[in-house]
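Presented below is the structure to which this report refers.
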Number of protein chains: 2
Amino acid sequence: MATSKPIHSFKTPCEQCPLRPLPHFREFSRDELEFVSHFKRGELAVDAGSTILVEGAHSAHLFTVLAGWGFRYKMLEDGRRQILNYIMPGDLIGLQGTIAGEMQHSVEALSSVSLCVFERDRLMTLYNKHPSLAFDITWIAAREERILDEHLLSIGRRTALERAAYLIAFLFERGRQLSLFNGRKFIPITQQHIADTLGLSIVHTNKTLKKLSERRLIRWQEGGCEVLNGEELMAIAGWEGLGEGKRPFI
Amino acid sequence: MATSKPIHSFKTPCEQCPLRPLPHFREFSRDELEFVSHFKRGELAVDAGSTILVEGAHSAHLFTVLAGWGFRYKMLEDGRRQILNYIMPGDLIGLQGTIAGEMQHSVEALSSVSLCVFERDRLMTLYNKHPSLAFDITWIAAREERILDEHLLSIGRRTALERAAYLIAFLFERGRQLSLFNGRKFIPITQQHIADTLGLSIVHTNKTLKKLSERRLIRWQEGGCEVLNGEELMAIAGWEGLGEGKRPFI
DNA sequence: CGCCAGTTTGAAATAGATCAAGCCCTGTGG
DNA sequence: CCACAGGGCTTGATCTATTTCAAACTGGCG
């Protein structure tokens, strides 16, 4: 399994980037846009279930998600898996490889995913020539950190029901910010993924989700979760949301 | 409680920084050193138990830890607390305030702590004038992310015994890298802190630590934990360690 | 048709939480 | 010098959230 198609020579010009017009992302200056356009080396398209990056590998690339859903995870030697966070359009992945030499986690696609490919080697040029973009990269890393903090709070101190409510509300909020839902508020995820994110067994996860379903907050469909009441999920979790405001991306 | 002394006008010149000579940190160029020296605005000294930053506050400052131990945490409304990570010399704190406007977590001192104070406003100058330092800040953020990933794996998927072993090994490794131990390998921490880091109750934490004590891997002393066998703790946790190599700091 | 991944359910086992006390040490105030 | 209060640690007993085990159901798909 987990085969990824070769990197396309085809590339969407950054000037026509489908993400840029979204209200969630900050504007680029002409200058920045031009640099990023050169920085981008190609596009990668993978199918649902493919592995995008593997723990331990030395990848020469950085990626920005153009479309689709995926997740980052780590495993223990005996196979226990922990999902660390989800990746969605605008997210930068592979930065960790820059500091540690090799990836410390794996990344897998939940849906079909397409990614912009950058060369890690040229990152220093970005820092030298475009301080504003350099700052954006720091911003993106700090944001990921903030989200991990919240996940940690969730796994460490929330009950199973609160955790599940938090996770679904979180994914829903992220999708909403990215204008990902056309009518059907659908998250392409399996109960096993939810279990591995929340640190619960799949059986208990199933029973917990059933409680949320009975309260008409979510509905489970083939291949994912439909959100019926995001507000109430946030209330159960005691979670404030992601905050408004525009964010950068590369 | 939690009173912090006013920011000292007194400042250790960066040229005489006690951290710089440590083998764990990367060298600075003369240029970088000069800039950082100007960037630094003063020093802050707080006692054990003091709050250094509070969730929700708008701080105008960034800090680098010069000496001492502390921790970052978040709380739920009903008082449940989750410790997110520990801060030690060389760590940068307050960066999150830059991206979210306000702090998303609090920081408290475990021992007496002294900090270098920087003005957040002048961060952009650093990005404009010193790309190498800008990159270092990203590096530091990405490193924190990596550590949070590991914590998440721990809380989500390791057993209580494994978690405790991981945490103590982790703190021990960090202290060792920083040459913090002179003979006595002592971590200034309370069992309540360990419980709030591992997502366990204090009673169960106590019983778990007792098992580690009985195996002669640690010894509990007044006010903290003495590490007797870091190797074996890592083995129990199935944890590889932090990796060698120098790291930057500001 | 039969297989497979994902979901669902019930029953038994257990890790960890909660409850309740007691202990030790240090600091404080009479 | 003693009393006592408080924080941190320890321990045993009971309770419960969650895991594990086992089995069956569903809908696609070759």
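Chain letters run A, B, ... following the sequence lines, proteins first and then strands; every chain starts at 1.
- Residues satisfying the salt bridge (charged side-chain N to carboxylate O under 4.0 Å, His left out) test with R215(B), not counting sequence neighbours, are none.
- Listed by residue number, there are no residues of residues 158-171 of chain A with a heavy-atom contact under 4.0 Å to DNA chain C.
- Pairs passing the ring-ring contact (aromatic ring centres under 6.0 Å, His included) check and including a residue from residues 185-227 of chain A, sequence neighbours excluded, read F71(A)-H193(A).
- Contacts of H151(B) classified as ring-ring contact (aromatic ring centres under 6.0 Å, His included), with partners at least two apart in sequence or in another chain: Y166(B), F170(B).
- A search for side chain to side chain donor-acceptor pair (under 3.5 Å) contacts involving E226(A) returns Q221(A), not counting sequence neighbours.
- Pairs passing the salt bridge (Lys or Arg N to Asp or Glu O under 4.0 Å) check and including a residue from residues 179-188 of chain A, sequence neighbours excluded, do not occur.
- For the salt bridge (Lys or Arg N to Asp or Glu O under 4.0 Å) condition, no pair includes a residue of residues 231-240 of chain B, sequence neighbours left out.
- Under the salt bridge (charged side-chain N to carboxylate O under 4.0 Å, His left out) criterion, R72(A) pairs with E144(A), D149(B), sequence neighbours left out.
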Discussion item. If you apply the rule salt bridge (Lys or Arg N to Asp or Glu O under 4.0 Å), what do you find for D196(A) with R157(B), and how did you get there?
Written reply: CA-CA 8 Å; D196(A) 286 347; R157(B) 289 301 182 205; 2.7 Å; yes
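- Not counting sequence neighbours, E108(A) has no partner by the salt bridge (charged side-chain N to carboxylate O under 4.0 Å, His left out) test.
- For DNA chain D, the outermost nucleotides in 5' to 3' order that have an atom under 4.0 Å from a heavy atom of chain B are dG8(D) to dA13(D).
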Response to the item:
For nucleotides 1-11 of chain C, 5' to 3', base contacts (B), sugar-phosphate-only contacts (S) and non-contacts (-) with protein non-hydrogen atoms under 4.0 Å give -----SSBBBB
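- Contacts of Q104(B) classified as side chain to side chain donor-acceptor pair (under 3.5 Å), with partners at least two apart in sequence or in another chain: none.
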